[in-house]
Structure formats: structure tokens, C-alpha cells
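As C-alpha cells, the structure follows; a few thoughts come after it.
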Amino acid sequence: MSAYRISVLLFLLAFALLSNIPLGYLRSGTQKFSIRWYLYIHLSIPFIILVRYSLDFNWHWIPLTLVCAICGQIIGSKMRRSAS
């Protein structure tokens with residue numbers, strides 16, 4: 001994998017992580033298993049898929065982007081708890 005391709009992959013992973021931090025922050029303030037709770041968890045997925053397709057990464061990268069999205073949700077949730 002070339003250095004350019006690695007930098008593009010890092011952009012994709014950073015997008016998955018950073019787009020989920022505010023959503024995790026919002027999610028932690030809602031009732032668990034409510035419609036808003038599900039919305040905040042799943043809202044970034046279509047955008048991550050769009051970025052992944054536009055950057056020409058195949059389905060093999062889904063687990064890594066999913067891990068980054070989950071980490072972003074956790075970070076956002078912890079930020080809300082520490083701000084309280």
C-alpha cells in the first residue's frame with residue numbers, strides 16, 4: 001500500500017472517529033433504547049459508507065471503520081460524563 005493510500009485510509013478512519021464523538025455526546029444524554037438513542041448511534045453510518053465508497057475502499061475495511069466509530073461514541077459519552 002502506497003503512502004498516499006495510507007493517508008487516505010487514515011482520513012477515512014479519522015472521519016469515522018471524529019464524526020461519532022458529538023453523536024456519542026448526544027447519545028449519552030438520551031434514554032437508552034429510545035428512538036433518539038438509535039438515531040445517534042446510526043446517523044453517521046451512511047456518511048461513513050459514502051466516504052468509504054468515494055475513496056474506493058472495499059468492504060474489507062468495514063470492521064476497522066466500525067471500531068473507530070464505536071471509539072468515537074465512547075469518547076463522546078465520556079466527555080459528557082466528565083463535563084457533568
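Note that the structure is a prediction, hence the values are computed from the model and not measured. The first residue in the sequence is number 1, and the count goes up from there.
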Check for me, please, whether [X] and [Y] land in the same ILVMFWY cluster - side-chain distances under 4.5 Å, paths through other members count.
X     : Y     : result
Leu12 : Met1  : yes
Leu9  : Ile6  : yes
Trp61 : Leu55 : yes
Leu10 : Tyr4  : yes
Tyr25 : Leu17 : yes

How many angstroms lie between atom [atom1] of [X] and atom [atom2] of [Y], to the nearest 0.5 angstrom?
X     : Y     : atom1 : atom2 : answer
Thr65 : Phe57 : OG1   : CZ    : 10.5 Å
Ile45 : Leu66 : CD1   : CG    : 7.5 Å
Arg27 : Arg36 : CZ    : CZ    : 15.0 Å
Leu26 : Ile21 : CG    : CD1   : 12.5 Å
Trp37 : Ser28 : CH2   : OG    : 12.0 Å
Leu18 : Leu13 : CG    : CG    : 10.5 Å

Nearest heavy-atom contact between Phe15 and Val51 is CE2-CG2, 3.8 Å

For Ile35, I'd like to know if atom CD1 has over 12 heavy atoms of other residues, nucleotides or ligands within 6.0 Å. no

Whether Arg52 engages the ring of Phe47 as a cation-pi pair (distance to the six-membered ring centre under 6.0 angstrom, angle to the ring normal within 45°) should be assessed.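 Because its charged atom misses either the 6.0 Å distance or the 45° angle limit, Arg52 does not stack over Phe47.
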
Could you walk me through whether Ile41 and Leu23 pass side-chain contact (heavy atoms from CB on, under 4.5 Å), step by step?
CA-CA 7 Å; Ile41 288 175; Leu23 295 173; over 6 Å; no

So the side-chain hydrogen bond (donor to acceptor under 3.5 Å, both in side chains) pairs with at least one residue in residues 6-22 (sequence neighbours excluded) are Asn20-Ser44, Asn20-Gln73

Quick check against the 3.5 Å criterion: does Ser77 have a side-chain atom that pairs as donor or acceptor with the backbone of Ile74?
no

